[in-house]
Amino acid sequence: MSTRPPASIDALLTTTRSVRRGLDLERAVDPELVKDCLRIALQAPNGNNRQNWRWILLTAPRVRGLVAEVYRAAFYDRNAAALRRLDELPPQERSVLTAARALADRLDRVPVLVIPCLELADARLPEGNQAGLWASLLPAAWSYALAARSRGLATAWTAVHLDREQEVADILGLPPTVRQGALLATMYPLRTTFRPGPRLPLEEVLHHNGWQGGDRP
């Protein structure tokens with residue numbers, strides 16, 4: 001268990017990063033510590049309290065390796081064009097892409113992979129806006145990332161493998177009614193301090209009383 005002092009709520013919320021570089025891949029992660037984080041995640045809101053989330057915890061090297069192989073193939077398929085012109089990309093975009101590539105190349109060495117899923121009545125996802133559906137899973141996945149951060153762990157939230165979701169489902173033996181929502185690589189970081197990430201100012205993304213604005217309150 002981590003003996004680090006707890007971070008303030010604001011610090012926790014603003015410094016929980018997707019960590020793709022600087023990973024301590026030689027340090028084991030206790031699955032019981034991960035389960036503690038998942039128990040916290042289960043307190044997240046979900047539609048009608050159905051709790052139809054399901055969590056796949058991968059610790060066995062063979063299984064992690066198979067999933068990582070699919071992930072790596074999906075990553076290079078998705079980013080082939082951008083990687084060919086890597087030197088032409090803006091610095092920020094280039095940095096994010098190279099960090100994502102570093103994670104893809106080493107995902108099999110990450111000690112714990114967590115895949116949050118939904119178990120649905122129908123194997124087919126509904127047509128149209130699916131925000132209500134995934135709102136019953138993704139807040140819990142983020143709660144898991146926050147709980148891990150508070151215990152000195154790092155996570156990298158990614159969904160690249162969903163380009164080949166069925167291949168991963170076949171590896172894990174998931175029934176057709178279970179759909180994956182993300183993949184959270186979980187490990188110890190080599191550094192212990194993080195700062196807020198670069199974000200646009202609130203004023204550039206806030207629309208008050210409608211898209212074009214409106215009467216002031």
Check your understanding: In terms of ring plane angle, is the pair Tyr71 and His161 parallel, tilted or perpendicular, where the classes change at 30° and 60°?
Key -> parallel
Practice item. Mind telling me whether Trp55 and Trp53 have parallel, tilted or perpendicular rings, with 30° and 60° as the class edges? Key: tilted
Practice item. Please report the C-alpha distance between Arg149 and Thr15 in whole Å, then the side-chain angles of each, then the deciding distance to 0.1 Å, and finally whether the side-chain hydrogen bond (donor to acceptor under 3.5 Å, both in side chains) criterion is met. Key: CA-CA 9 Å; Arg149 167 85 172 97; Thr15 63; 2.9 Å; yes
Point to revise | CA sep, side-chain torsions, deciding dist, call: Tyr144, Thr155, side-chain hydrogen bond (donor to acceptor under 3.5 Å, both in side chains) | key: CA-CA 9 Å; Tyr144 168 77; Thr155 59; over 6 Å; no
Is it true that [X] and [Y] have a side-chain N and a carboxylate O under 4.0 angstrom from each other?
X	Y	result
Lys35	Asp30	no
Arg78	Asp163	yes
Glu26	Arg109	yes
Arg72	Asp108	yes

Practice item. Any chance you could pull the hydrophobic cluster mates of Leu190, using side-chain heavy atoms under 4.5 angstrom and chaining through other members? Key: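 Listed partners: none, Leu190 stands alone.
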Exercise for review: Step by step, work out the side chain to side chain contact (heavy atoms under 4.5 Å, CB included) result for Leu133 and Leu120.
Suggested key: CA-CA 10 Å; Leu133 175 71; Leu120 307 173; 3.6 Å; yes
Review point. Considering residues, nucleotides and ligands other than Glu119, do more than 12 of their heavy atoms fall under 6.0 Å from its CD?
Key: yes
Check your understanding: Crowded around Glu69 CD? As in, over 12 foreign heavy atoms under 6.0 Å?
Key ->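 Open.
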Point to revise | salt bridge (Lys or Arg N to Asp or Glu O under 4.0 Å) contacts in which one or both residues fall within residues 120-132, not counting sequence neighbours | key: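 Checked against salt bridge (Lys or Arg N to Asp or Glu O under 4.0 Å) - neighbours excluded - no pair reaches residues 120-132.
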Exercise for review: Cation-pi check, Arg17 to Phe194: give yes when NZ or CZ is under 6.0 Å from the six-membered ring centre and within 45° of the ring axis, no otherwise.
Suggested key: no
